[in-house]
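The structure appears below as structure tokens.
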2 protein chains.
Amino acid sequence: MKGPKSLDELTETLQELPGVGRKTAERLAFHILKSPAKNAKKLSDAIIAVKEKVALCSVCFSITESDPCGICADPERDKSIICVVEEPHDVYSIEKVGDFRGVYHVLMGVLSPLEGIGPEELKITELAARVKQGGVKEVIVATNPNMEGEATAMYISKTLAPMETMVTRIARGLPMGGDLEYADEMTLSKALSGRMKI
Amino acid sequence: MKGPKSLDELTETLQELPGVGRKTAERLAFHILKSPAKNAKKLSDAIIAVKEKVALCSVCFSITESDPCGICADPERDKSIICVVEEPHDVYSIEKVGDFRGVYHVLMGVLSPLEGIGPEELKITELAARVKQGGVKEVIVATNPNMEGEATAMYISKTLAPMETMVTRIARGLPMGGDLEYADEMTLSKALSGRMKI
């Protein structure tokens, strides 16, 4: 049976979202259909608003409604330490911890020759320009600890090598609550080589 | 960290959907933010369209864009057999099987004294009226096989008892591919009492 056309269309559109299969899309579509019109309107408006209002910070390329973003504009943040991440949502992950008082630089991706993403596709030139301006003591590369993230970290460290800025990499090792027995070899190897004096 | 206001609002609104927690809402919101504006517009429009265009069929109360719905308007469907279900999406589930050639009646819920849902809240009067009009040979009660669904089935059978229409209940038993060892006692009991000659 084909349902009402607009319901089928909503179901299909919802299926384009990540992690949403046919069953989930159907459940969500029926929920929207059953919920009050004002709730549906609110969701519809919120989707449009996020596309219209959110832009990239011209300094660090994280997402923001004002330019520069709240972090770049905050006089309390230490502009001499730049934490480099892959995606805007990585900024949120680190901010949630609450420890980091420096600023960010979002690459907008990661080097991936297989997907045709080279250094030109990323905000690496912009990072080098920021460092070149001076006043940056440390660049912490917080790309993900996988092949692409490691390669990107290496590339950044080479690019920034001529400048007098320390480039560091976040620690790779056993996660808290983890278990030696179940750790993969790469992680264990990184945990050993990255050992610190206690 | 508080993100851009419109992103936080979208995340919160998405969390109101069933089965969508904070993490999922964040992932979806970031996906919408990153996807092309036309995709976001399409989703936003589809949500509004479903609320504006879809209504209930005045005969069977299933959802439709035209009234009466496609099934009620279809001359090929057998109007003498009415299958009673709880919700509009149950119609889809049965239609997917493709065996049933009768028509439907959606109750828009199920008797639930705890939630204050009595017979007046359901489309039971409307069902009785349809049967009273004549020409209905059988009413198949396909409410869910749980406490509320069974109570509703009993209530419908009592309501229709004075009329000369057969009221039947879908079979309750072991699901195909199921296992006696793991079946609960209620299901096993129903499977035994509902045994058929082979």
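None of the values given here were measured: they were computed from a predicted structure. Residue numbers begin at 1 in each chain, while the letters A, B, ... track the order of the sequences.
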- prompt: Do other residues, nucleotides or ligands put more than 12 heavy atoms under 6.0 Å from the CD atom of B:E138?
  reply: yes
Note: A:E9-B:K42 ion pair, threshold 4.0 Å (strictly below): no
message: Can you confirm whether the side chains of B:S157 and B:R169 place a donor and an acceptor under 3.5 Å from each other?
response: no
Examine distances only and state if a side-chain atom of [X] and a backbone atom of [Y] form a donor-acceptor pair shorter than 3.5 Å.
X      : Y      : value
A:R77  : A:Y104 : no
A:D67  : A:C57  : no
A:N144 : A:N146 : no

message: At under 4.5 Å between heavy atoms, what parts of residues 16-36 of chain B are in contact with chain A? List them by residue number.
response: B:E16, B:L17, B:P18, B:G19, B:V20, B:R22, B:E26, B:R27, B:L28, B:F30, B:H31, B:I32, B:L33, B:K34, B:S35, B:P36
